[in-house]
Protein chains: 2
Amino acid sequence: MQEPTLLLLTALADEPRHGYAIAREVEAISTGRVKMRTGTLYGALERLLQQGLIEVHKEEVVDSRLRRTYTLTSPGRAALAAEAERIAATAREATRRLKVSGKAATA
Amino acid sequence: MQEPTLLLLTALADEPRHGYAIAREVEAISTGRVKMRTGTLYGALERLLQQGLIEVHKEEVVDSRLRRTYTLTSPGRAALAAEAERIAATAREATRRLKVSGKAATA
DNA sequence: CGGCATATGTCGGTGACCGACGTATGCTGT
DNA sequence: ACAGCATACGTCGGTCACCGACATATGCCG
């Protein structure tokens, strides 16, 4: 799972959001670092729907245009939790190793 | 930066290693989850060399065959540290949001 | 009434990763 | 003796997530 997808799921973790709101939220979470392109966004949304990690929460017409709101499913929440734990473990290990070798040789 | 690359860099963080040793180490770090294919391995090695994140540490002939050992460069160490911090922050945020919404609605 | 934020979507290209294949040596078990 | 496995390095074609550009439409502000 790549960073944009992970951030997308994270953006949906606290409350349901529609596409454009997700894009803004992802930028906020990553402190401006990751700007989600619409190509990535709607592609990922479609993929995650098919994988069952997210689902359509609500469909409403706003300003005569359709707005779809998405939520995490239970498997989606589980997948995000698992992924978060995995990458946290990897980050810890990386940091630990950098410290260890930093003591021996600051090359 | 994707997971295999991150793990490769992590495998080099404590001491220099040659290709095959990296592959084994990556598997160990990820507790067997990620098995680095040679295609990914040597491709990534080549890419990281060109990016200046790693460098050839030693070249020696073992059993009449060349063995190249790689190390992290200073930029490589910095990149790994930065990446580790970034993903740790993302993981924290994901976990926090899951907890927050878990209290309000365990949907 | 021009331009920007909001909002959703498509399409072609790139690049990291995957899977399969190729090659070679040394050790171990039978 | 030799089959098979671990060790060790590498190439090549395919896939798929992501990117960048384009298309479309509304509401609001100046």
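Side chains included, hydrogens not; waters and symmetry mates left out as well; all remaining heavy atoms used. Reminder, nothing fancy here: chain letters follow the sequence lines and each chain counts from 1.
- Atom OG1 of T69(B) is separated from atom CD1 of I54(B) by 11.5 Å, given to the nearest 0.5 angstrom.
- For Y20(A) and dT6(C), the shortest distance from a side-chain N or O to OP1 or OP2 is below 4.0 Å.
- Whole-Å rounding puts the M36(B) CE to dA20(C) P distance at 18 Å.
- Between R65(A) and dT8(C), a side-chain N or O to OP1/OP2 separation shorter than 4.0 Å is absent.
- Rounding to the nearest 0.5 Å gives a distance of 6.0 Å between CG of L48(B) and CG of L8(B).
- Toward the 5′ end of DNA chain C lies the nearest nucleotide of G43(A), the other residue of the pair G43(A) and D63(B) mapping further downstream.
- Atom-to-atom, CG of L9(A) to C1' of dA17(D) comes out at 14 Å; the value is rounded to the nearest Å.
- Residue L66(B) is in sugar-phosphate contact alone, with no base atom involved, counting any heavy-atom pair closer than 4.0 Å across all strands shown.
- Side chains of S101(A) and R77(B): a donor on one and an acceptor on the other come within 3.5 Å.
- Atom C1' of nucleotide dT6(C) and atom CD of E25(A) are separated by 16 Å, given to the nearest angstrom.
- Spacing between atom CG of L8(B) and atom C1' of dA16(C) amounts to 13 Å, rounded to whole angstrom units.
- Sequence order on DNA chain D of the closest nucleotides to S64(A) and Q2(A) puts Q2(A) first from the 5' end.
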May I have the step-by-step check of salt bridge (Lys or Arg N to Asp or Glu O under 4.0 Å) for E93(B) and R96(B), ending in yes or no?
CA-CA 5 Å; E93(B) 183 63 17; R96(B) 193 185 66 76; 2.8 Å; yes
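- Between R47(A) and dC18(D), a side-chain N or O to OP1/OP2 separation shorter than 4.0 Å is present.
- E27(A) places its CD atom 13 Å from the C1' atom of dA5(C), with the value rounded to the nearest Å.
- Using a 4.0 Å cut-off, some side-chain N or O of T40(B) falls inside it from OP1 or OP2 of dC18(C).
- In this structure, the CG atom of L53(B) is 12 Å from the P atom of dA16(C), given to the nearest Å.
- G39(B) comes within 4.0 angstrom of a nucleotide base, judged by non-hydrogen atoms across all strands.
- Atom C1' of nucleotide dC11(C) and atom CG of L41(A) are separated by 16 Å, given to the nearest angstrom.
- Under 4.0 angstrom from either OP1 or OP2 of dT6(C) there lies at least one side-chain N or O belonging to R24(A).
- At least one side-chain nitrogen or oxygen of T5(A) sits closer than 4.0 Å to the OP1 or OP2 atom of dC18(D).
- Rounded to an integer number of Å, the gap from CD1 of I22(B) to P of dC9(D) is 9 Å.
- Note on Y42(B): every side-chain N or O is 4.0 Å or more away from OP1 and OP2 of dG10(D).
- Here the side chain of T38(B) is nearest to one of dA7(C), dC18(D), dA20(C), namely dA20(C).
- Residue R68(A) is tested with E59(A), E60(A), E46(A) for a salt bridge (charged side-chain N to carboxylate O under 4.0 Å, His left out); the sole match is E59(A).
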